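Report on the structure given below.
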Amino acid sequence: MTEARTDEEPADLTAAERRMWEAFRTGSVCDLSARAADRDDPHADHVWGPERSVRARVVARLLLHGPPPVPGRVASLKLRGVRISGRLELSGGAVAPYVELQSCRFDSEIQLSEARVGTLRMVNCAIPRLEASRLHTEGDLHLPRCRVARGIRLTDAQIGTDLLISQAVVQRDSKGRAIAADGMSVAQDLQGELLETYGEVSLRGAKVGVSMNLRGARLRNPYGRYALNAPQLTVERTLYLTSIALDYAAYGGSSTPPYGLGPTPTRGRRAQHFECRGGLRLDDGRFGDAIDFYGARFTLTSEQELSLRRIQTPEFRFVGERPEEGRVVVSGAKVVKLVDTSTSWPGPGGLSIEGFVYENLAPRGHFPLSRRLEWVAAATPEYSPEPYERLAAVLRASGEDADAREVLLAKQRRRRDTLPPWPKAWGYLQDWTVVYGYRPGRAALWMAVLWAAGALLFSQLDPPAIKQDEHPQWSAALYALDLLLPVIDLGQQGQWKLEGGWQWGAAGLVIMGWILATTVAAGASRLLRRG
C-alpha cells in the first residue's frame, strides 16, 4: 500500500482489466454491460463470464497506488456492469480517486475497515458483505439499491457528508445484524428511503448532523428483540419514520443518485408505510427539530416495545397506526409539542407515560377530552397523579380551564377507587354534593335548595326566645341561612329555643352547611394551589 504510482501497466492484465486501467487514467466509465436488461441485472442468477470480470487485487492497486492520469484528466474509477472477483481488500488504505460503481457484482466481501476515502458511490450493486468499521470518508458514502447478503458494518465510521442507503436490501450477518453502525457519525443527512433490512439495525450512540430519513423503510427482525436498536441516537434536525409518496420520478441511471425519493404523502396519494416488524428503541435520544411517525406501522410481539424513554425533542409526531401487541413507552420523555391522534396509541396495558413531559397538545383529527382521559387511564393501570396533573397543566396553559378541571376531577375519582371504605364514602359524598369543589355552581344550587327547605320548615314555627328581653325579630329564612353558613353570624342562631324534632332539623342544616363548606374549601384550595 506504500508503493509509488507507476505508468507501467501490469503484464498479466486481462482484456477487461486493461479497459478498466485505461478508463481509470482518463476518468471515464468502464462499461462492460451486455446492453440487455435480463443479462445486466447484478442480482439475477445469470452468469457473468470472464469478458466482464476484473480481479479485486487489480481494483485495489488502481485505488491505492494507481497510475497517474492522462494530462488534463482526473483519475477516477468508474465501473458499470462489472464483476469483481476475489475479496476487495482496502483496509487501512488511503483511497484518493473518486469511486463510482454501478450495477456491479462482487464475488466476495468488501474490506474498508479504517480506510480513508474521498467519495464512494456503489449503486445497484450485489455485495456479499461490506466491512467498513472506522471508515473515514471526506465526502459521501452511497449504497442505493444495493443488495447485501451478509450485512453492513459501519461501527465508529465517520461519513464526511451524506450516507445514502435508499432502496437497499440488507440481510443479516452471523450475529443477527443487518446494519451494525454503533458510534457512527454522519456529518449531514442519512437517507434510507424504502430501505429493507432483515436483521437488527444497530445505531447505538450514532450521530447525524442534519436529518435521518427512513421514509417507507421496512425493518424486519424475526430473529431478535429489536428491528431498530438506536439508544442515545442524536439527530440535529428531524428523524423521519414515516410513509413515503410513491408517485415520484424514478431513478433514471444518472451518475448521482437522487437525494430523497419523495415527500411524506398527503391524503389520497399512493404511499408506502414505514414498517417495523420487531422492537424499536430510541432511549435517551436527542432530536433537534422533531421525531415523525406519520403513517408508521409497528408489528410487535407481546414482549417487544416501541421504547422512547427519556427522549428529548421540540416536536413529537406520533400519528402512526396503533400497535396491536407490545407496548409503547415514553416514560421520562421531554417534548415541547405533542402531535398525535386518538387512534395511534395502544389501549390499557400497552402504554406507559410515567414522567412524560409535554408542553403543548396539537392533536390531528377528533381527539375529545374523554378520549384523552382514556389515554391517561390506559397508561396508568395503577393510579398515579402525575399524568393527570401534567395534562391539566397543559390544558390550563392553553386557556382550557374547564377541561383542566375535568381532568383533575377524573384524577380525584380515580384516586377514590384506591381508598379504604370510609374515605371512599367521603369521596362519594364530595362528588355527589359539590363534585370535589370543581363545580362550585352545584354547591350554590345545594345551598339554595337547603335554604328554601329550611325556610319552609321553620316558617311553621314561632319559637320562644332564650332571652325574653333581648332577641331579634324571628325570621325563618334568616334562621335557616344562619344555620347553613358555618362562619358568618346573622344573629339568629342561638337566640331561639327549639325542642324535639325541630332541634334535629336545625342540626341537619348545620351538618349540611359544614359539609358544603368543607368540600368547597377543599376544592378551592386545590385550584389555588395549582393556579
Side-chain angles (χ1 to χ4, degrees), residues 165-169 189-198 201 203 208 211-221 226-228 230 233 235 237-250 258-282 285 287 289-301 304-308 311 313-330 333 335 337-347 350-351 358 361-367 371-372 375 378:
I165 50 176
S166 296
Q167 296 178 281
V169 179
D189 291 311
L190 193 164
Q191 297 278 357
E193 293 174 333
L194 300 176
L195 170 69
E196 290 187 29
T197 58
Y198 298 86
V201 176
L203 296 169
V208 179
S211 293
M212 179 173 168
N213 181 357
L214 294 179
R215 288 188 178 102
R218 292 175 173 173
L219 311 183
R220 302 178 177 93
N221 186 18
Y226 296 110
L228 176 59
L233 172 66
V235 179
R237 297 294 297 275
T238 301
L239 171 62
Y240 294 98
L241 304 177
T242 71
S243 300
I244 186 172
L246 293 179
D247 47 349
Y248 56 83
Y259 285 90
L261 299 172
T264 301
T266 56
R267 186 180 298 274
R269 295 183 67 180
R270 194 166 64 94
Q272 177 169 305
H273 294 272
F274 169 84
E275 294 184 5
C276 184
R277 293 181 178 270
L280 184 148
R281 181 165 68 148
L282 296 174
F287 307 91
D289 284 353
I291 303 177
D292 195 346
F293 285 96
Y294 178 84
R297 287 177 176 172
F298 298 96
T299 303
L300 309 174
T301 66
Q304 292 175 333
E305 292 181 342
L306 169 54
S307 181
L308 303 167
I311 63 168
T313 182
E315 187 168 334
F316 179 36
R317 306 170 193 153
F318 196 74
V319 287
E321 297 184 5
R322 172 184 298 161
E324 296 298 326
E325 292 188 85
R327 299 176 71 233
V328 176
V329 183
V330 290
V335 306
K337 180 190 289 187
L338 174 60
V339 182
D340 60 352
T341 65
S342 61
T343 58
S344 59
W345 299 100
L351 177 62
Y358 51 95
L361 288 172
R364 291 188 179 178
H366 186 56
F367 205 149
R371 295 296 297 273
R372 186 66 73 179
W375 172 69

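Owing to the predicted nature of the structure, the values given are computational and were not obtained by experimental measurement. Only this structure's heavy atoms are used, side chains among them; waters, hydrogens and symmetry mates stay out.
Taking CZ of Arg281 as the reference point, atom CG of Leu308 lies at 12.0 Å (rounded to 0.5 Å). The distance from the CG atom of Leu233 to the CG atom of Leu228 is 8.0 Å, given to the nearest 0.5 Å. Note that CG of Leu306 and OH of Tyr226 are 11.0 Å apart. Values are rounded to the nearest 0.5 Å.
Here the closest heavy-atom approach between residue Arg372 and residue Pro363 is recorded as NH2-CB, 4.0 Å. For the pair Met212 and Leu203, the tightest heavy-atom approach, listed with the atom from each and the gap, is CE-CD1, 3.4 Å. The two residues Phe316 and Val335 have their closest heavy-atom pair at CB-CG1, 3.8 Å. Pro323 approaches Ser344 most closely through the heavy-atom pair CD-O, 4.0 Å. Across all their heavy atoms, Ala217 and Gly192 have their closest contact at CB-O, 3.9 Å. Pro314 approaches Phe287 most closely through the heavy-atom pair CD-O, 3.2 Å.
The side-chain contact (heavy atoms from CB on, under 4.5 Å) test applied to Glu325 returns Ser302, not counting sequence neighbours. Every residue two or more places apart in sequence or in another chain that forms a side-chain contact (heavy atoms from CB on, under 4.5 Å) with Thr299 is listed here: Arg277. For Phe298, the ring-ring contact (aromatic ring centres under 6.0 Å, His included) partners are Phe293, not counting sequence neighbours. Not counting sequence neighbours, the partners of Ala333 by the side-chain contact (heavy atoms from CB on, under 4.5 Å) test are Ile311, Val330, Phe356. Take Arg317 and apply the side chain to side chain donor-acceptor pair (under 3.5 Å) test, not counting sequence neighbours, and it matches Asp292, Glu315. A search for side chain to side chain donor-acceptor pair (under 3.5 Å) contacts involving Glu324 returns nothing, not counting sequence neighbours. Residues meeting the side chain to side chain donor-acceptor pair (under 3.5 Å) test with Trp345, sequence neighbours left out: Asp340. The side chain to side chain donor-acceptor pair (under 3.5 Å) check on Thr197 picks up nothing, with sequence neighbours excluded. In this structure, the side-chain contact (heavy atoms from CB on, under 4.5 Å) partners of Arg218, at least two apart in sequence or on a different chain, are Glu196, Arg220, Gln272, Glu275.
Here the side chains of Leu282 and Leu239 are in contact, with some heavy-atom distance below 4.5 Å. Side-chain contact check for Leu280 versus Leu219: every heavy-atom pair is 4.5 Å or farther apart. Counting heavy atoms from C-beta outward, Asp189 and Ser211 have side chains that approach closer than 4.5 Å. Between Ile291 and Phe318 the shortest side-chain heavy-atom distance does not fall below 4.5 Å.
Put simply, the side chain of Asp289 never gets that close to the backbone of Thr238: no donor and acceptor are under 3.5 Å apart. Looking only at distances, a side-chain donor or acceptor of Asn213 sits under 3.5 Å from a matching main-chain atom of Arg215.
Heavy-atom neighbours of Arg322 CZ from other residues, nucleotides or ligands within 6.0 Å: above the threshold of 12.
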